[in-house]
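This report refers to the structure that appears directly beneath it.
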Amino acid sequence: MKFFIDTGNLAQIKEANELGILDGVTTNPSLMAKEGIKGEAAIAQHYKAICELVDGDISAEVLSTEFESMVEEGKKLAAIHPNIVVKVPMIKDGIKAIKWFSDNGIRTNCTLVFSAGQAILAAKAGATYVSPFIGRIDDSGWDGIELIKQMRQIYDIQGFKTEILAASIRNALHIIKCAEAGADVCTCPLDSILGLLKHPLTDIGLAKFLEDAKKM
Ligand code: G3P
């Protein structure tokens, strides 16, 4: 399973990248706004800075909701760097745009996916990645991990090549469950990635080893 970090924060991206386990970055308009990035030039510059930090796929989301403008916007985003993947929302025009991008050699990440039906459409349109939002499904009283399992089963039976990119990850357990369910990628906040490190017995064990090392 590939590890992406889900943030627009350059310091967090750098910290995760220095672990040596980072395969890419996802952003969205909320995450970009949180970093105070405003205006077309600043947005493009920020994506460029992320691409220069991490050698992997970087999702950059279109802000339009209508086919022609999505295509124009996506072409501009893709021109920023070869590693840019154009993130497109799961709406009717989004599906048309994903098909256009796929036919024209531009890679895509279909976002805001909450059902198996949406996942089938994204794959049929030729999306490179599809992003089911695990945490938000859990928040609504359903089971996000069940959707990953269902998508894995459908994609394998049908031979779809679209990669399942589990998003809206809230904790380390989500990451473990996504790996178990067969997600191709998990995009996580830095805290969830670092949460994988934690176990009290590791801390207790290390403290004892360091204490005993003094007697060596
Ligand atoms: O990038 C999309 C997704 O990961 C958003 O997560 O925590 O806002 O539901 P969240």
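The first residue of the sequence shown is numbered 1, and numbering continues consecutively from there. Order of appearance sets the numbers: ligands from 1, and atoms from 1 within every ligand. Here the structure is a predicted model, which means the values were calculated and not measured. Just so you know, these numbers use all the heavy atoms, side chains as well, and skip hydrogens, waters and symmetry mates.
Its side chain within the 4.5 Å cluster rule, Leu206 clusters with Leu210 among the Ile, Leu, Val, Met, Phe, Trp and Tyr residues.
Of all heavy-atom pairs between Phe101 and Met70, the closest is CZ-O, 3.4 Å. Closest approach of Pro29 and Leu63 over heavy atoms only: CG-CD2, 3.7 Å. Across every non-hydrogen atom of Gly195 and Ala172, the tightest pair is C-CB, 3.7 Å.
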Every pair of nitrogen or oxygen atoms between ligand 1 and the protein that is under 3.5 angstrom apart - can you list them with their distances to 0.1 Å?
residue: ligand 1; atom: 1 (O); partner: Asp6; partner atom: OD1; Å: 3.0
residue: ligand 1; atom: 1 (O); partner: Asp6; partner atom: OD2; Å: 3.3
residue: ligand 1; atom: 1 (O); partner: Asn28; partner atom: ND2; Å: 3.1
residue: ligand 1; atom: 1 (O); partner: Lys87; partner atom: NZ; Å: 3.3
residue: ligand 1; atom: 4 (O); partner: Asp6; partner atom: OD2; Å: 2.4
residue: ligand 1; atom: 4 (O); partner: Ser168; partner atom: N; Å: 2.8
residue: ligand 1; atom: 7 (O); partner: Arg170; partner atom: NE; Å: 3.3
residue: ligand 1; atom: 7 (O); partner: Arg170; partner atom: NH2; Å: 3.4
residue: ligand 1; atom: 8 (O); partner: Arg136; partner atom: NH2; Å: 2.8
residue: ligand 1; atom: 9 (O); partner: Arg136; partner atom: NE; Å: 2.6
residue: ligand 1; atom: 9 (O); partner: Ser168; partner atom: OG; Å: 2.7
residue: ligand 1; atom: 9 (O); partner: Arg170; partner atom: NH2; Å: 2.8

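The hydrophobic cluster containing Ile58 also contains Leu190, counting ILVMFWY residues as joined when their side-chain heavy atoms lie under 4.5 angstrom apart, directly or transitively.
The residue from Thr187, Asn109, Thr26 that alone fulfils the side-chain hydrogen bond (donor to acceptor under 3.5 Å, both in side chains) condition with Ser131 is Asn109.
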